[in-house]
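Reading through the structure tokens given below for one structure.
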Protein chains: 2
Amino acid sequence: MTPMKSALSLPDRIIAAFDSLPEQLGQAARYILDNPNDVALLSMREQARRAGVKPWTMTRLARRLGYAGYEDIREESAAALRRAALGFSGRAGAQAAREEGGGEDGLMTDIAQIVGNGVTRLAEPATMKELAAAAALISGARRVYCLGLRAGYPVAAQFAYLMSFLDDRAILLGRGAGTDLDAMRHAGAEDVLFAISAAPYTGATIETARYAARRGVPVLALTDSPVSPLAAIASRSVIVSTDSPSFVHTMTPALAAVEILASLVVARGGAKALEAIAATEEQLAQLNIHLYAPQRTQP
Amino acid sequence: MTPMKSALSLPDRIIAAFDSLPEQLGQAARYILDNPNDVALLSMREQARRAGVKPWTMTRLARRLGYAGYEDIREESAAALRRAALGFSGRAGAQAAREEGGGEDGLMTDIAQIVGNGVTRLAEPATMKELAAAAALISGARRVYCLGLRAGYPVAAQFAYLMSFLDDRAILLGRGAGTDLDAMRHAGAEDVLFAISAAPYTGATIETARYAARRGVPVLALTDSPVSPLAAIASRSVIVSTDSPSFVHTMTPALAAVEILASLVVARGGAKALEAIAATEEQLAQLNIHLYAPQRTQP
DNA sequence: ATTGCAATGCAACATTTGTTGCATATCTTT
DNA sequence: AAAGATATGCAACAAATGTTGCATTGCAAT
């Protein structure tokens, strides 16, 4: 049977050891972390191929993590997969999958399904815990600098927009011509840098986060992996999935995450926060910004 | 891609053929039916052992069911397992949180669930049809003006960003100080205005769309209702859900919709589009924009 | 500069994998 | 009962799998 020296699961072991892994082993570890399902479903050599690594590296990684060999990892992973697929009637899933087959409809269905899943997964305990911690951090901050470049920009923008209903603490970076560092000149330990980036990580985002961290500004990360360069810098990290059959990684779960985050901040703000929102909406109505006044259906 | 000779799933095929199977083949078939998970997780020989059958019987069964060999069965089963495992952890987390009752966890779970549902619902036939039509419209356009204000801005920005991988046809509006109409001065019937707005509709978006329509520019709407003021103006409308227990309507399904849209446009662009993307990524890598060069895992 | 050690590459290994061609057994039909 | 078809068993196959011992590289401490 499996040695089971400790109760640590494969991803936990990888995360724990990740920082001390050299390049090749790290690349292999990263792949496993990002594609946990493939571990039992693909041959080791195939995984090595996809991870861009030699087959032996996988065996060596397994050894380093405390297993006898990669086969042990595959067995543990298979057991986990079995458990995960328990409630699932093989028929329905397989049929659905096959019918969705190919063509435009297939692509659309695949994206909707997988991305939708990424959103739903935000309800996982570990993620919820981090979201709650993030909300606490933001709620207590004097100012919240929101930084997202390229694909992360829409997410940062949406968060800053949502926060603007409450007060003027949120500041959106990344709009000007590289003036972000200027804007952060007055940032301190009472503020927060909310940085958003997923693979392939935008260099400027990482650098800015690093700069902030060095200056003692708490960094809150929204990223795609517990071992992303952003997570390494941040004091807290919310991890979301960016998996998608599309030609780029999806930012949809990340957007959902910031919407949740904003809601949590509001919830923590209590009656006062709700008042602020009402006031903002009133104001917008008077400015004739909106065609129809917002109608609350579910408070 | 997969050949997809027929749309029948493995269990269906087995059931259909079961009565006409001889003893040994039937025993093998029975085992697969009872242990669908093991198909991809155990080697064929191991399954044969457990089923009390010789290994060749498995191959022969596969052939009889219309597959080239047992390996085909294992691959199909692996794909199904992947999907099943994806849905699991999300659902489990949700259930657990629900049992714990309300509070912050309850709010998070609710949002994740409902918003995730909104994303998944993009796969509804009616929506898919509109998405496909929208993709066709955009693919054929000379320029695509992307307009989203306030909550719609991140969505418009993301779409413009994704399109920028392909070419420079997409133009993001709403950034300047009310200069949108200026930017659209040269818009004509060969162009498209992609307008994004949900209740409460931003007045300026509607007005701009109306202006464009009057000038003969086709308007593509991404909005929350078939009877929204934007849909009334547009020649085509993609309808997404904005329902959320949050204090504002969610833009997450809308973001997913534009990601799908961009993917469809790429798909329609064929090899040429993929080349353009590759070239863009190459360019980004050379500019050192990204920390890690994008690594395609599934070509 | 040199030693030492960790990291990676390489060739080869013994196994195991899924499959095949042919022989034998079993059943069906006449 | 004979003939023909079908089902099963067997030995062997090439291909792929996970692993190993040793050589080479690269880096850090001396």
Side-chain angles (χ1 to χ4, degrees), chain A residues 1-3 10 13-14 16-32 35-79 81 227, chain B residues 2-3 5 10 13-14 16-32 35-79 81 295:
Chain A
M1 276 294 159
T2 322
L10 173 59
R13 292 195 196 201
I14 294 183
F18 192 84
D19 288 331
S20 66
L21 293 180
E23 188 195 335
Q24 295 290 305
L25 291 180
Q27 202 169 328
R30 177 65 196 260
Y31 175 84
I32 296 180
N35 308 69
N37 293 339
D38 289 349
V39 173
L41 259 20
L42 264 39
S43 78
M44 185 211 75
R45 285 178 118 103
E46 175 63 24
Q47 294 172 59
R49 215 165 294 133
R50 299 198 182 189
V53 153
K54 302 291 176 192
W56 330 291
T57 309
M58 307 303 268
T59 300
R60 285 168 175 155
L61 175 63
R63 283 245 208 288
R64 188 154 181 148
L65 296 175
Y67 298 87
Y70 200 79
E71 207 143 50
D72 277 24
I73 287 190
R74 299 192 75 222
E75 269 182 37
E76 175 179 324
S77 214
L81 249 191
V227 296
Chain B
T2 322
K5 301 170 183 178
L10 171 59
R13 290 193 196 203
I14 294 182
F18 194 83
D19 289 333
S20 65
L21 293 180
E23 188 196 335
Q24 295 292 304
L25 290 182
Q27 202 168 327
R30 177 64 192 266
Y31 174 83
I32 295 180
N35 308 69
N37 295 338
D38 288 349
V39 173
L41 259 20
L42 264 39
S43 79
M44 186 211 76
R45 284 179 118 105
E46 176 62 24
Q47 294 172 59
R49 213 166 296 132
R50 300 198 181 189
V53 153
K54 301 292 175 191
W56 332 290
T57 309
M58 308 302 270
T59 300
R60 285 168 175 155
L61 174 63
R63 283 246 211 287
R64 188 151 179 153
L65 296 176
Y67 297 87
Y70 200 79
E71 206 144 43
D72 278 22
I73 288 190
R74 300 192 74 222
E75 268 182 39
E76 176 179 323
S77 216
L81 243 193
Q295 43 178 3

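Residue numbers begin at 1 in each chain, while the letters A, B, ... track the order of the sequences. From a predicted model like this one, the values you see are computed outputs, not experimental measurements.
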Proximal nucleotide (of C:dA12, C:dA11, D:dA7) relative to the A:Trp56 side chain: C:dA11

Check: D:dG18 base within 3.5 Å donor-acceptor of A:Arg74 side chain: no

Options D:dT19, D:dA7, C:dT8, nucleotide nearest the side-chain atoms of A:Gln24: C:dT8

Minimum-distance nucleotide to B:Pro22 side chain [options: D:dT8, C:dA12, C:dT8]: D:dT8

side-chain N/O A:Gln47 vs D:dG18 OP1/OP2, d < 4.0 Å: no

Ring-face cation contact, B:Tyr70 with B:Arg45, 6.0 Å cut, 45° max: no

Short side-chain N/O contact to C:dT19 OP1/OP2 from B:Thr59, under 4.0 Å: yes

Flag if over 12 foreign heavy atoms under 6.0 Å of CD, A:Glu46: yes

Sugar-phosphate only, base, or nothing, as touched by A:Arg60 at under 4.0 Å among non-hydrogen atoms: base

Side chain of B:Ser43 - closest among C:dA7, D:dT17, C:dT17: C:dT17

Under-4.0 Å side-chain N/O to phosphate OP1/OP2 contact, A:Arg64 with C:dA7: yes

Whichever of A:Thr57 and A:Arg45 has its nearest DNA chain C nucleotide further upstream toward 5': A:Thr57

Distance, nearest 0.5 Å, that separates CG of A:Leu41 from CD of B:Glu75: 10.5 Å

Heavy-atom check, side chain of B:Leu61 versus side chain of B:Thr57, under 4.5 Å: no

